Amino acid sequence: MLQDGKLYIGTSRKPDDTNNKPEYLELKFGNRHGLVTGATGTGKTVTLQILAEGFSNAGVPVFCADVKGDLSGIGAMGEPKDFLQKRADQIGLTPYDFQEFPVIFWDLYGEKGHRVRTTMSEMGPLLLSRLMNATDAQEGVINIAFKIADQGGLPLLDLKDFQALLNYMGENATALSNQFGFISKASVGSIQRELLILEQQGAEQFFGEPALKISDIMRTTNDGRGAISVLAADKLMMNPRLYGTFLLWMLSELFEVLPEVGDPEKPKLVFFFDEAHLLFNDAPKVLLERIEQVVRLIRSKGVGVYFVTQNPLDVPETVLAQLGNRVQHALRAYTPREQKAVKTAADTFRPNPDFDCATVITNLGTGEALVSTLEGKGAPSMVERTLIRPPASRLGPITEAERKQIMGVSPVAGLYDEDFDRESAYEILMARAKKAADAAAAQEQAEQPAEQPSGGSRWTLPGFGDDEQAAPSAPKQAKPRAGYQRETVAEAAMKSVARTVASSLGRALVRGILGSLRR
Ligand SMILES: Nc1ncnc2c1ncn2[C@@H]1O[C@H](COP(=O)(O)OP(=O)(O)O)[C@@H](O)[C@H]1O
Ligand SMILES: [Mg+2]
């Protein structure tokens, strides 16, 4: 059933309900993105699970968010269950083997996975404005703040640094306005209050060092399987804007860090965006355009982006048009909006003369879907009514004990779990920002893969860009010498801003499409 270069999704049905043929996703089109849609309980998460399994077995690392906690079972061996065996028999999946997958758990809050952090500098003005749901006036001030910091080569570590910078801007609004454009004191004040709210919501845990290295989500095991990074998102979902912004930041980082590879024989990474409507919901037009642009361009970096959402109307048309591989589970069609969704979903498929898409979409069973993938020279295959295969890993959550065990042997165990103290974190960020500025200035990307130490004997680690920071020994080297009292980051920030404004010295940082630092 498994074939080279292809990932088995399930088996399609003939009109008389007998098996038609196996349906595959071709790995060489894995970077041409995808869409999994359907109402609640129709099988989206299981489809995500079997796709992630297939990519992992093909050696492709996967990143996905676990919105309800029920995807974590992918790290555990599947268990024989009657209904799963029945599905396997029905579609001719023999033998139906169980497997556990190499999983790395991540969590912004550090509870159900290794910590994920970034710095203010690396997030950039566009995503920060989105995170704060900033008004136009606030966004203007945020842009100026980053302009001041970037021109001075002044990295911003966390919310406190940003507060310090805003204080400085408020106090020197008139002088700075002459140089950078109008700074409204009222807007500065309102941003500062918003930052406090963000802090209370737990966002400050997300800003700091050690920042996530993209290479850590691109690991493979020594037996050639791709790591599946699972982001615990149940708590995160309570702050939907942080969830959406975080995933956009990841996408942005991938885009800025990864080298161009054209169309590889299989993706370098596959990125699943569950609850994708949270990305697009009332996002400003500029952001939507940038997302559309990044989705289009990231393909040539070998990254496949798969959106998972209830309703195809959740995804803007310009993005929808780029999603080549499609799994459409059942939709309801009671309300006019639902009927429109069914029609949209049906119209995007290459029709099959055997059935009417719109009718079938409302009649699909659980774990059944309309499937169309790219084939041949990259054209969509004729849509087929398909029974999705059962997962090889466990259906449902793993236990907390199992999670602890997996985290304990993870290749990143110990690398992200502790915060760096502020001074050393600041130095590390300074060094990285300088490197980014140098690289941007040189206008070329270092593409030679450096030899990287792997975290455990079971794992390998890709080497590219921006990896000089070899946590966790780094903060030790950066410890201040005895007797030498270092100025606080905020003090340093203020002085540096003052210097910048006074003399325009320093190295400018350059930002990419979604506002991350260019590397
Ligand atoms: N491919 C499948 N094979 C067997 N059972 C499935 C399959 N897909 C879904 N199911 C069953 O349906 C349930 C709900 O699926 P799920 O993927 O959680 O739905 P959704 O994410 O769309 O809400 C699963 O717990 C499982 O029992
Ligand atoms: Mg689900």
Side-chain angles (χ1 to χ4, degrees), residues 1-2 7-13 19 22-25 34-55 62 64-74 76 78-99 101 228 230-237 240 243 247 272-279 306-312 314-315 325-332 338 341-342 345 361-371 373 384-398:
M1 197 60 100
L2 293 171
L7 182 167
Y8 173 59
I9 300 177
T11 300
S12 55
R13 315 293 287 169
N19 282 341
E23 300 297 327
Y24 297 101
L25 192 159
L35 179 69
V36 179
T37 40
T40 305
T42 56
K44 295 185 300 296
T45 300
V46 176
T47 295
L48 196 169
Q49 187 169 351
I50 65 109
L51 289 175
E53 290 179 355
F55 280 119
V62 170
C64 53
D66 187 9
V67 168
K68 291 192 181 142
D70 52 354
L71 191 55
S72 54
I74 199 165
E79 296 142 350
K81 291 241 169 77
D82 284 350
F83 73 103
L84 295 176
Q85 189 59 53
K86 187 169 157 241
R87 172 62 58 97
D89 293 343
Q90 202 176 3
I91 62 176
L93 177 63
T94 46
Y96 173 32
D97 289 326
F98 295 114
Q99 206 185 331
F101 287 81
I228 302 178
V230 177
L231 176 77
D234 41 354
K235 185 171 170 187
L236 184 57
M237 291 301 292
Y243 171 80
L247 290 185
F272 286 97
F273 243 129
D274 205 348
E275 302 286 340
H277 64 283
L278 294 177
L279 279 190
Y306 290 70
F307 294 95
V308 183
T309 187
Q310 292 196 13
N311 189 326
D314 293 337
V315 183
N325 300 298
R326 298 192 176 197
V327 179
Q328 173 67 60
H329 286 283
L331 290 172
R332 289 184 310 248
E338 286 168 354
V342 169
I361 286 175
T362 56
N363 293 326
L364 291 165
T366 305
E368 190 182 15
L370 291 182
V371 172
T373 57
E384 295 286 1
R385 180 173 185 161
T386 304
L387 288 174
I388 307 297
R389 62 155 253 234
S393 52
R394 184 187 302 167
L395 189 71
I398 56 162

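When a ligand or atom number is given, it counts from 1 through the structure's own listing order. This structure is a prediction, so every number in the text was calculated from the model and none was measured. Below, each value reflects all heavy atoms present in this structure, side chains not excepted, and no hydrogens, waters or symmetry copies.
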Using a strict 4.0 Å cut-off to heavy atoms of [X], name the atoms of ligand 1 that fall inside it.
X	result
Thr40	23 (O)
Arg389	1 (N)
Thr366	9 (C), 10 (N), 11 (C), 12 (O)

Counting heavy atoms only, which part of [X] comes closer than 4.0 Å to ligand 1: side chain, backbone, both or neither?
X	value
Thr45	both
Leu84	side chain
Arg87	side chain

Crowded around Asn363 CG? As in, over 12 foreign heavy atoms under 6.0 Å?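 More than 12 within 6.0 Å, yes.
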Would you find more than 12 non-hydrogen atoms of other residues, nucleotides or ligands less than 6.0 Å from Lys81 atom NZ?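 Count over threshold, so yes.
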Donor + acceptor pair across side chains of [X], [Y] (<3.5 Å):
X	Y	answer
His329	Thr47	yes
Asp314	Gln310	no
Ser12	Glu23	yes

Any non-hydrogen atom of Gly41 lying under 4.0 Å from ligand 1?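 Yes, that is the case, since the closest heavy atom of the residue is under 4.0 Å from the ligand.
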Do any heavy atoms of His329 fall under 4.0 Å from ligand 1?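 The answer is no: ligand 1 sits nowhere under 4.0 Å from a heavy atom of His329.
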Heavy-atom side-chain proximity of Glu275 to Met237 below 4.5 angstrom: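 Side-chain contact under 4.5 Å: yes.
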Which label fits Tyr306 and Phe272: parallel for a plane angle under 30°, tilted from 30 to 60°, or perpendicular past 60°?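 The arrangement is tilted - the two ring planes meet at 30° to 60°.
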Taking both backbone and side-chain atoms of Thr42, is any N or O found less than 3.5 Å from an N or O belonging to ligand 1?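 Yes, there is a polar N/O contact under 3.5 Å.
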Can you confirm, on distance only, whether ligand 1 has an N/O atom lying under 3.5 Å from any N/O atom belonging to Lys44?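 Such a contact does occur with ligand 1.
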Please write down residue, atom name and distance for the protein heavy atom closest to [atom].
atom	answer
atom 25 (O) of ligand 1	Leu395 CD2, 4.1 Å
atom 5 (N) of ligand 1	Phe83 CE1, 3.7 Å
atom 2 (C) of ligand 1	Val46 CG1, 3.7 Å

Within the stated cut-off of 2.8 Å, is an N/O/S atom of Thr45 closer than that to the Mg ion (ligand 2)?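 Coordinating: yes.
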Could you walk me through whether Gln49 and Ser393 pass the side-chain hydrogen bond (donor to acceptor under 3.5 Å, both in side chains) test, one step at a time? CA-CA 8 Å; Gln49 187 169 351; Ser393 52; 2.9 Å; yes
Determine, considering heavy atoms only, which of Gly43, Ala39, Ala88 sits nearest to atom 16 (P) of ligand 1.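 Nearest option to atom 16 (P) of ligand 1, by heavy atoms: Gly43.
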With rounding to the nearest 0.5 angstrom, report the CD1 to OG1 distance, Ile361 to Thr42.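 Between atom CD1 of Ile361 and atom OG1 of Thr42 there are 11.5 Å.
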Leu395 side, atom CG; Phe83 side, atom CZ - distance, nearest 0.5 Å: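 Atom-to-atom, Leu395:CG and Phe83:CZ are 5.0 Å apart.
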